[in-house]
Amino acid sequence: SEVFGVPMAGMDRTTRNRAKAINFGIIYGISGFGLARQLGIEQGEAALYIKAYFERYPGIRDYMERTKEEARINGYVLTPFGRRCWVPGIADKLAQRRAYADRQAIKAPLQGGAADIIKRAMVRLPAALAQAGLQGRLLLQVHDELLFETTEDEAAETAATAKRVMEAAATISVPLVVETGTGRSWAAAH
């Protein structure tokens with residue numbers, strides 16, 4: 001919403017996907033060339049998005065530099081929950097390998113924190129389902145998604161229980177918002 005100056009209510013799927021590409025691309029070290037190619041826009045326009053992003057959110061550049069320095073000093077970075085993520089190559093003599101390690105150092109606390117949160121939810125879900133008297137079971141995790149198997153008559157309650165447990169898996173500075181879907185297959189649930 002803020003990247004394009006569009007109210008949240010006016011965010012369509014295409015605009016949201018473009019904003020995600022810009023947000024994650026910048027955090028993960030994408031160049032103007034890479035962003036232009038990903039969005040199908042001119043390189044100059046992509047460079048302007050990146051420049052405007054850092055002007056609007058200067059704390060992100062500070063985070064990126066601070067995190068790279070932490071990795072160079074310690075050889076690892078920490079997730080928000082204190083788990084170490086080692087960064088091989090952070091002191092490599094080859095600039096290309098160091099640049100790759102810098103990007104890994106920046107991503108690791110973010111992706112590792114998300115992994116920590118979903119694992120917390122996964123540990124709590126079997127007991128929550130049993131306590132609710134539900135027969136459904138967790139089948140697998142795919143990135144930030146959990147896939148359950150249950151009967152049709154328990155699908156809505158299983159989804160509601162999973163949503164409640166997942167949203168309460170951690171307390172962080174932004175709300176954890178979970179979307180659910182049901183269907184006869186994983187594809188149909190999307």
Next on the checklist: Do Thr79 and Pro109 have side chains that approach each other closer than 4.5 Å (heavy atoms only, starting at C-beta)?
Outcome noted: no
Item to check | Contact check, side chains of Lys107 and Ile27, non-hydrogen atoms, under 4.5 Å | outcome: no
Item to check | Arg83 CZ: over 12 foreign heavy atoms closer than 6.0 Å | outcome: yes
Checklist outcome for this item: So CD1 of Ile50 and CD of Glu55: to nearest 0.5 Å the spacing works out to 12.0 Å
Next on the checklist: Looking at every heavy atom in both Met166 and Ile118, which two are closest together, and how far apart are they?
Outcome noted: CE-CD1, 4.3 Å
Checklist entry - If only atom types and distance count, is the side chain of Gln141 paired as donor or acceptor with the main-chain N or O of His143 below 3.5 Å? => result yes
Checklist entry - What are the two closest non-hydrogen atoms of Ala71 and Val87, and how far apart are they? => result CB-CG2, 4.2 Å
Checklist entry - Is it true that a side-chain atom of Arg137 and a backbone atom of Thr150 form a donor plus acceptor pair closer than 3.5 Å? => result no
Item to check | Residue list, side-chain hydrogen bond (donor to acceptor under 3.5 Å, both in side chains) with Arg56, at least two apart or on another chain | outcome: Glu2
Next on the checklist: Measuring from atom CH2 of Trp186 to atom CG of Leu147, what distance do you get when rounded to the nearest 0.5 angstrom?
Outcome noted: 7.5 Å
Item to check | NE2 (His190) with more than 12 external heavy atoms under 6.0 Å | outcome: yes
Item to check | Smallest separation among heavy atoms of Phe54 and Ile26, with atom names | outcome: CZ-CG2, 3.3 Å
Next on the checklist: Tell me the closest heavy-atom pair linking Arg16 and Met11, and the distance in Å.
Outcome noted: CA-CE, 3.6 Å
Next on the checklist: Looking at every non-hydrogen atom in both residues, tell me the closest pair between Ala170 and Leu176 and how far apart they are.
Outcome noted: O-CD1, 3.5 Å
Checklist entry - Is there a side-chain contact between Leu110 and Tyr63, using heavy atoms and a 4.5 Å cut-off? => result yes
Next on the checklist: Are the side chains of Lys68 and Arg72 in contact, using a 4.5 Å heavy-atom criterion?
Outcome noted: yes
Next on the checklist: Counting C-beta onward and ignoring hydrogens, is there a side-chain heavy-atom pair between Ile117 and Phe81 closer than 4.5 Å?
Outcome noted: yes
Checklist outcome for this item: Here the gap from Met64 atom CE to Ile106 atom CD1, rounded to the nearest 0.5 Å, amounts to 4.0 Å
Next on the checklist: So does Val178 get a backbone contact from the side chain of Glu167, meaning a donor-acceptor N/O pair under 3.5 Å?
Outcome noted: yes
Checklist entry - Does Glu42 CD have over 12 foreign heavy atoms under 6.0 Å away? => result no
Checklist entry - Any side-chain heavy atom of Thr161 sitting closer than 4.5 Å to one from Arg164? => result yes
Checklist entry - If you measure from CD on Gln43 to CG on Leu48, what distance do you get to the nearest 0.5 Å? => result 11.0 Å
For residues 124-135, dump all side-chain donor-acceptor pairs below 3.5 Å to protein atoms at least two apart in sequence or in another chain.
| residue | atom | partner | partner atom | Å |
| --- | --- | --- | --- | --- |
| Arg124 | NH1 | Ala169 | O | 3.2 |

Next on the checklist: Quick one, Phe33 with Gln38, criterion side-chain contact (heavy atoms from CB on, under 4.5 Å). Give me CA distance, side-chain angles, the key distance, then yes/no.
Outcome noted: CA-CA 9 Å; Phe33 173 80; Gln38 187 172 351; over 6 Å; no
Next on the checklist: Hydrophobic clustering (ILVMFWY, side-chain heavy atoms < 4.5 Å, transitive) - are Ile60 and Ile172 grouped together?
Outcome noted: no
Checklist entry - Going from SG on Cys85 to CD on Gln104, what distance comes out if it is rounded to the nearest 0.5 angstrom? => result 10.5 Å
Item to check | Side-chain heavy-atom pair Met122, Val165 within 4.5 angstrom cut-off | outcome: no
Item to check | Test: Glu70 and Arg66 ion pair at under 4.0 Å | outcome: no
Next on the checklist: Please report the interatomic distance CD(Glu149) to CG(Leu140), rounded to the nearest 0.5 Å.
Outcome noted: 10.5 Å
Next on the checklist: Would you say that Thr14 contacts Asn17 through its side chain, given a criterion of any heavy-atom pair below 4.5 Å between the two side chains?
Outcome noted: no
Next on the checklist: Once ring pair (Phe, Tyr, Trp, His ring centres under 6.0 Å) is applied, do any residues pair with Tyr76, and if so which ones, sequence neighbours excluded?
Outcome noted: Trp86
Checklist entry - Should Arg61 and Glu65 count as an ion pair when the cut-off is N to O under 4.0 Å? => result no
Item to check | Sub-6.0 Å ring centroid separation between Tyr53 and Tyr57 | outcome: yes
Checklist entry - Does any donor atom in the side chain of Tyr100 or Gln96 lie under 3.5 Å from an acceptor atom in the other side chain? => result no
Next on the checklist: Check Arg184 with Glu152, please: is the shortest side-chain N to carboxylate O separation under 4.0 Å?
Outcome noted: yes
Checklist outcome for this item: Looking only at heavy atoms, the pair that brings Gly113 and Pro80 closest together is CA-CD, 3.7 Å
